2 protein chains.
Amino acid sequence: MTTRWLSPEEQRAWRAYMAATHLLEDAIDRQLQQDAGMPHLFYSVLANLSEAPERRLRMTDLAESLKITRSRLTYAVTRLERDGLVRREDCRWDKRSSIAVLTDEGMAALERTAPGHVETVRATLFDRLTPEQVRQLEEICTGIARGLQGGDAESGAEDVPWRRRSSCS
Amino acid sequence: MTTRWLSPEEQRAWRAYMAATHLLEDAIDRQLQQDAGMPHLFYSVLANLSEAPERRLRMTDLAESLKITRSRLTYAVTRLERDGLVRREDCRWDKRSSIAVLTDEGMAALERTAPGHVETVRATLFDRLTPEQVRQLEEICTGIARGLQGGDAESGAEDVPWRRRSSCS
DNA sequence: TAAGTTTGTTTCAAACTTGAACCAAGACTC
DNA sequence: GAGTCTTGGTTCAAGTTTGAAACAAACTTA
């Protein structure tokens, strides 16, 4: 089959997308690194745990929720554990599982860090979007994410190479 | 000043955004790694060079165009040079500069790889968006990018920490 | 229930990224 | 025209990510 190249509009959108995502992630990473000494991902781990019941989550569920590989999460949690912000516990029911728990110190670190982070997200992203665009962005991103996960939906869940295997359950 | 937290709509958009960008970049990286043995960034270097006049670009300009740090580019070009896909040349007018040039072999690799890449970008992104959403995405991303670069524009170019120093020109 | 499969997690080496430090060449200043 | 600043690029060590392999605990099934 001959390649369906991108249309000019798609080209422009794709370039803008790559530029924006690079710049945004850079800005956020830099702010967090400076003010909290941790990359964005690590912050997200803390944030995610803080919202879970009892501030605890199984490693796999946490990885799934963050859309990252298990091995990447293992690294992050190991580091956060070393810093005392997270603790690992064994799962009582399934001895294979390990549970990441946000410590009080971790919660404190999160609370200390959150305002600056949110401020950055605002300044770099939301303050530049109209409410309508916020809706559009959510709509677009939700669609993309659904397409890339277990989002079996329409086109049938073919086993294409770019689909993460261990998606959700 | 008390923190302006994210509204529920913004929260949803932010989460969807992070999920989508993670999943998308993962999918694209995986496809390129499998089919071309290089990460997305390296592909972008080749693609960018291929469109430049004479297929050559100053390192700094290339970095600027890709929105990445110079040191990251140095690494990428070094690797691509080792693989024979790119070559470095000295700049005649400014002896500090070095110019990255796409070799014929690099162009061939790009042409061989592009269809699969574009197909993935389509399948994961554009095939899931309406033409209207493509426009919206471009608009949104352009705005974000403008805000984060030399895009001095409205809010005055304060020297905020999350702004990349060596922006443009 | 032993053998085989799946699931949850970690480990390890190789690859990549970061940021600060460095070096050299051009530009500016007095 | 020597000192100073800026720009273009690389280097280096420390940090992070990747993917495959290893392990161990469930689960399945003959």
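Only heavy atoms go into these numbers, but all of them, side chains included; no hydrogens, no water, no symmetry mates. By convention in this document, chain letters (A, B, ...) are assigned in the order of the sequence lines, proteins followed by strands, and residues within each chain are numbered from 1. Everything quoted here is computed from the prediction, not taken from an experiment.
Residues satisfying the salt bridge (charged side-chain N to carboxylate O under 4.0 Å, His left out) criterion with B:Arg56, sequence neighbours excluded, are B:Glu54, B:Glu89.
In this structure, B:Arg4 pairs ionically with A:Glu119, as a charged nitrogen and a carboxylate oxygen lie closer than 4.0 Å. Taking the charged nitrogens against the carboxylate oxygens, B:Arg15 and A:Glu51 do have a contact shorter than 4.0 Å, which makes a salt bridge. Of the charged side-chain nitrogens involved, none lies within less than 4.0 Å of a carboxylate oxygen, so that B:Arg135 and A:Glu9 do not count as a salt-bridged pair.
Each of C:dT7, D:dG8, C:dT10 was ranked by its minimum atom distance to the side chain of A:Met59; first place goes to C:dT10. Considering only the side chain of A:Arg96, D:dA26 comes nearest among D:dA26, C:dG26, D:dG9.
To the nearest angstrom, P of C:dT17 lies 16 Å from CZ of A:Arg30. Whole-Å rounding puts the B:Leu57 CG to D:dG9 P distance at 10 Å. Atom CG of B:Asp83 and atom C1' of C:dA15 are 13 Å apart (whole Å). In this structure, A:Asp61 atom CG and C:dG8 atom C1' are separated by 10 Å, rounded to whole Å. Regarding B:Arg70, its CZ atom lies at a distance of 16 Å from the P atom of C:dA21, rounded to whole Å. B:Arg58 places its CZ atom 13 Å from the C1' atom of C:dA25, with the value rounded to the nearest Å. When rounded to the nearest whole Å, the span between CD of A:Glu25 and P of C:dT17 equals 13 Å. One can place CD of B:Glu81 at 13 Å from C1' of D:dG9, the figure rounded to the nearest angstrom.
One finds no side-chain N or O of A:Ser97 lying less than 4.0 angstrom from the OP1 or OP2 phosphate oxygen of D:dA25. Listed pair B:Thr69 / C:dG19 fails the phosphate criterion, with no side-chain N or O lying under 4.0 Å from OP1 or OP2. OP1 or OP2 of D:dG9 has not a single side-chain nitrogen or oxygen of B:Arg88 nearer than 4.0 Å.
When the shell of 6.0 Å around CD of B:Glu139 is examined, it contains 12 or fewer heavy atoms from other residues, nucleotides or ligands.
Contacts of A:Thr74 with the nucleic acid, taken as non-hydrogen atoms under 4.0 Å apart, include base atoms. When heavy atoms are screened at a 4.0 angstrom cut-off, B:Asp29 is found touching no nucleic acid atom at all.
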For nucleotides 12-16 of chain D, give me every protein contact, N/O to N/O, under 3.5 Å, one pair per line with atom names.
residue: D:dT16; atom: OP1; partner: A:Arg79; partner atom: NH2; Å: 2.9
residue: D:dT16; atom: OP2; partner: A:Tyr75; partner atom: OH; Å: 2.9
residue: D:dT16; atom: OP2; partner: A:Arg79; partner atom: NE; Å: 3.4

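Looking only at side-chain heavy atoms (C-beta outward), A:Leu62 and A:Asn48 come within less than 4.5 Å of each other.
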Acceptor/donor pairs from residues 95-102 of chain A side chains to any protein atom, 3.5 angstrom cut, sequence neighbours excluded:
residue: A:Arg96; atom: NE; partner: A:Asp94; partner atom: OD1; Å: 3.0
residue: A:Arg96; atom: NE; partner: A:Asp94; partner atom: OD2; Å: 3.4
residue: A:Arg96; atom: NH2; partner: A:Asp94; partner atom: OD2; Å: 2.8

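When each of A:Trp93 and A:Ala76 is assigned the nucleotide of DNA chain D with its nearest heavy atom, A:Ala76 is the one assigned upstream, toward the 5' end.
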